[in-house]
Amino acid sequence: MTSAPVTSNDDVVRIRQLVRKAAIEARMSIVDQTKIVTAASELARNAFVHGGGGTATVELVSNAVGRAGVRLVFSDTGPGIPDIPLALTEGWTSGSGLGLGLSGTRRLVDEFDLATEVGEGTTVTVTKWAR
Amino acid sequence: MTSAPVTSNDDVVRIRQLVRKAAIEARMSIVDQTKIVTAASELARNAFVHGGGGTATVELVSNAVGRAGVRLVFSDTGPGIPDIPLALTEGWTSGSGLGLGLSGTRRLVDEFDLATEVGEGTTVTVTKWAR
Amino acid sequence: MDRVPILKIGDLLLVSIQIDLQDQTVMVLQEDLADRIVKTGARGVIIDITAVEIVDSFIGRMFSTIASMSRLLDAETVVVGMRPAVAITLVELGLSLGGVRTALDLEKGMQLLSRTAQSTDGS
Amino acid sequence: MDRVPILKIGDLLLVSIQIDLQDQTVMVLQEDLADRIVKTGARGVIIDITAVEIVDSFIGRMFSTIASMSRLLDAETVVVGMRPAVAITLVELGLSLGGVRTALDLEKGMQLLSRTAQSTDGS
Ligand SMILES: Nc1ncnc2c1ncn2[C@@H]1O[C@H](COP(=O)(O)OP(=O)(O)O)[C@@H](O)[C@H]1O
Ligand SMILES: Nc1ncnc2c1ncn2[C@@H]1O[C@H](COP(=O)(O)OP(=O)(O)O)[C@@H](O)[C@H]1O
């Protein structure tokens, strides 16, 4: 398991590279590598831009039948998300983004979990399994 | 009455074939066959993807006036559906689907029943009558 | 899992779906097709569904995904041979396949793609 | 922060992205490019993403922004060399890059732009 800070634009790039490495270790196809790295890039940017910075952890996991996967956790202590369904709506943004980060990421991964509390922060956990 | 497991993508294909056979036996038109098989495909995928697997039963039925039909029951012991109206909303998905499975299926059949309990599972029963 | 073959005819790729599609097959087909478009420089993709008896929301989404993806790779997609019962069912299901071009049969699909290619060639 | 170089080839500008793009680099590239189009009177912009391993929504938006901006400055943009895995991922992300022209490789991109230039010149 690797942890890394997400407090700058540079960190977003570094996290993409960490996730790429993990996806290769999990023997994902090129397409699946691309999907999980793209998801990581969106979630890292969110933690930085909307969450005011936080941390990322990248973990190699395996499921009951021994399938390898990559699990990513992005945590911040930012403002939290008051309306979760709204935030998950394709195209909705509170800022100047495209509003595709959360909705799109959800389609790119196999498991998606969003835990958030207003005034406390946001944690997004995603998992993608190698096929 | 035929029962079949729904625990893989392969099973979804097999269930389509079972339902096709029943629809032909009920002497449905090509359009009605297509509709009930499509509905079966959606519900089987839901039982597998959202319900973590379950069973399907396919039954030839006839009503009071002797009209033939096909009844399908999809049961799983998955997480259940906490908000039924939301799940039936066209376009709403908790995952990465299109959110058309339940809302669309409902339009494709003559009778539609959804029984679900959080933590217990979900059973969807649909019937289509030959014209 | 079966794999759907992709044939190259001139600068077109032809995908003729002859099997009952399971979800994994659909995912693999999308990826195979993206690879082949780039490898061959194909300008068009024809998906022949003459033999396809049902299109559910998962399969229907494949058509949209392939159409968008091939556009990004500078190829046009056309779906040919949709059965009337499939078309009716898709509409009731709520899937309009916006952005997906369709033609009645293979021949009409090829004509459609060659017209498009000519007009973008400016020739 | 790295800066992406912009090369001038005849009346085209070529941007070949060889680094892992961070958001600041993207912003600066857009501004640099607008300046260079005006300074050089370039008629076309080619963005070569052959080496780009991922395009997220921020980077994808850059292509649309550059395409719109250069159109306003009377130049056409084409994005070349998109990898198949990137195309599939973009579609799933929900980004269709409408309004952005694409070509398979640098050569095809240059052909596309020279044809466009001819037809808008009316020659
Ligand atoms: N980590 C976070 N902390 C607080 N709000 C967030 C966070 N991530 C997402 N959001 C909220 O959800 C909205 C949608 O996010 P997203 O789909 O990624 O689109 P975008 O980032 O382009 O706005 C954001 O505009 C923001 O309001
Ligand atoms: N068998 C099931 N068990 C648990 N949840 C279900 C089941 N079937 C449907 N759902 C829930 O209802 C939502 C809508 O289902 P549906 O309309 O079929 O769309 P989709 O499958 O594309 O998400 C699903 O996203 C899921 O949250």
Side-chain angles (χ1 to χ4, degrees), chain A residues 6-21 23-24 28-50 53 72 74 88-93 95-110 112 126 128 131, chain D residues 1-5 15-32 47-69 79-100 102 104:
Chain A
V6 199
T7 49
S8 72
N9 280 319
D10 257 351
D11 289 339
V12 175
V13 171
R14 237 184 319 268
I15 285 160
R16 284 185 208 147
Q17 289 158 356
L18 281 175
V19 174
R20 170 77 61 179
K21 218 174 117 245
I24 291 171
M28 283 188 192
S29 68
I30 295 283
V31 171
D32 285 340
Q33 287 176 34
T34 306
K35 287 181 180 176
I36 186 78
V37 176
T38 305
S41 188
E42 297 291 343
L43 296 175
R45 182 180 297 106
N46 278 355
F48 169 54
V49 172
H50 303 299
L72 310 176
F74 293 86
L88 290 171
T89 302
E90 185 156 358
W92 188 83
T93 177
S96 58
L98 289 176
L100 295 176
L102 291 177
S103 56
T105 290
R106 210 171 168 196
R107 282 189 294 263
L108 294 175
V109 299
D110 295 314
F112 179 97
V126 299
K128 189 164 189 75
R131 277 173 297 179
Chain D
M1 196 203 70
D2 295 314
R3 220 172 169 114
V4 177
V15 178
S16 177
I17 298 171
Q18 304 287 346
I19 55 166
D20 212 336
L21 288 173
Q22 66 146 85
D23 294 3
Q24 267 316 106
T25 312
V26 166
M27 300 306 289
V28 170
L29 173 58
Q30 292 177 178
E31 294 169 15
D32 286 353
I47 307 176
D48 179 5
I49 60 169
T50 310
V52 171
E53 291 184 335
I54 71 135
V55 173
D56 64 11
S57 64
F58 196 89
I59 300 170
R61 177 157 65 167
M62 172 183 75
F63 302 147
S64 302
T65 303
I66 290 177
S68 305
M69 168 202 87
V79 171
V80 305
M82 187 181 291
R83 298 182 178 198
V86 169
I88 289 183
T89 302
L90 272 177
V91 172
E92 288 207 0
L93 194 59
L95 213 66
S96 58
L97 298 190
V100 178
T102 53
L104 225 49

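A note on names: the letters A, B, ... follow the listed sequences, proteins ahead of strands, and every chain is numbered from 1.
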Requested in this report: Give a yes or no answer on whether the side chain of A/Arg107 reaches the backbone of D/Glu92 with a donor-acceptor pair at less than 3.5 Å.
Outcome: yes
Requested in this report: May I ask you to decide if A/Met28's main-chain N or O and A/Arg131's side chain share a donor-acceptor pair within less than 3.5 Å?
Outcome: no
Report task. Answer yes or no: is there a side-chain heavy-atom contact under 4.5 Å between A/Arg14 and A/Asp11? Result -> yes
Query raised in the report: Quick one: what part of A/Arg45 sits under 4.5 Å from any heavy atom of chain D, side chain, backbone, both or neither?
Result: side chain
Requested in this report: Return the option, out of A/Val13, A/Val37, A/Val12, with the maximum number of heavy-atom pairs under 4.5 Å with chain D.
Outcome: A/Val13
Query raised in the report: Side chain, backbone, both or neither: which part of D/Leu95 has an atom under 4.5 Å from a heavy atom of chain A?
Result: both
Query raised in the report: For A/Leu108, which of A/Val126, A/Thr34, A/Thr38 qualifies under side-chain contact (heavy atoms from CB on, under 4.5 Å)?
Result: A/Thr38
**Report entry** Note, A/Leu43 side chain near A/Leu72 side chain (heavy atom, < 4.5 Å)
**Finding:** no
Query raised in the report: Do the non-hydrogen side-chain atoms of D/Val86 and D/Val52 ever get within less than 4.5 Å of each other?
Result: no
Requested in this report: Could you check if a side-chain atom of A/Arg20 sits within less than 4.5 angstrom of a side-chain atom of D/Ile54, using non-hydrogen atoms only?
Outcome: yes
Query raised in the report: A/Gly97, A/Ala39, A/Gly101: which one forms the most heavy-atom pairs within less than 4.5 Å of chain D?
Result: A/Gly97
Requested in this report: Apply side chain to side chain donor-acceptor pair (under 3.5 Å) to D/Asp48 and D/Thr50, showing your working.
Outcome: CA-CA 6 Å; D/Asp48 179 5; D/Thr50 310; 2.4 Å; yes
**Report entry** Contact class of A/Gln33 relative to chain D, heavy atoms under 4.5 angstrom
**Finding:** neither
Query raised in the report: Can you pull out the residues in residues 55-65 of chain D with any heavy atom less than 4.5 Å from chain A?
Result: D/Val55, D/Asp56, D/Ser57, D/Phe58, D/Ile59, D/Arg61
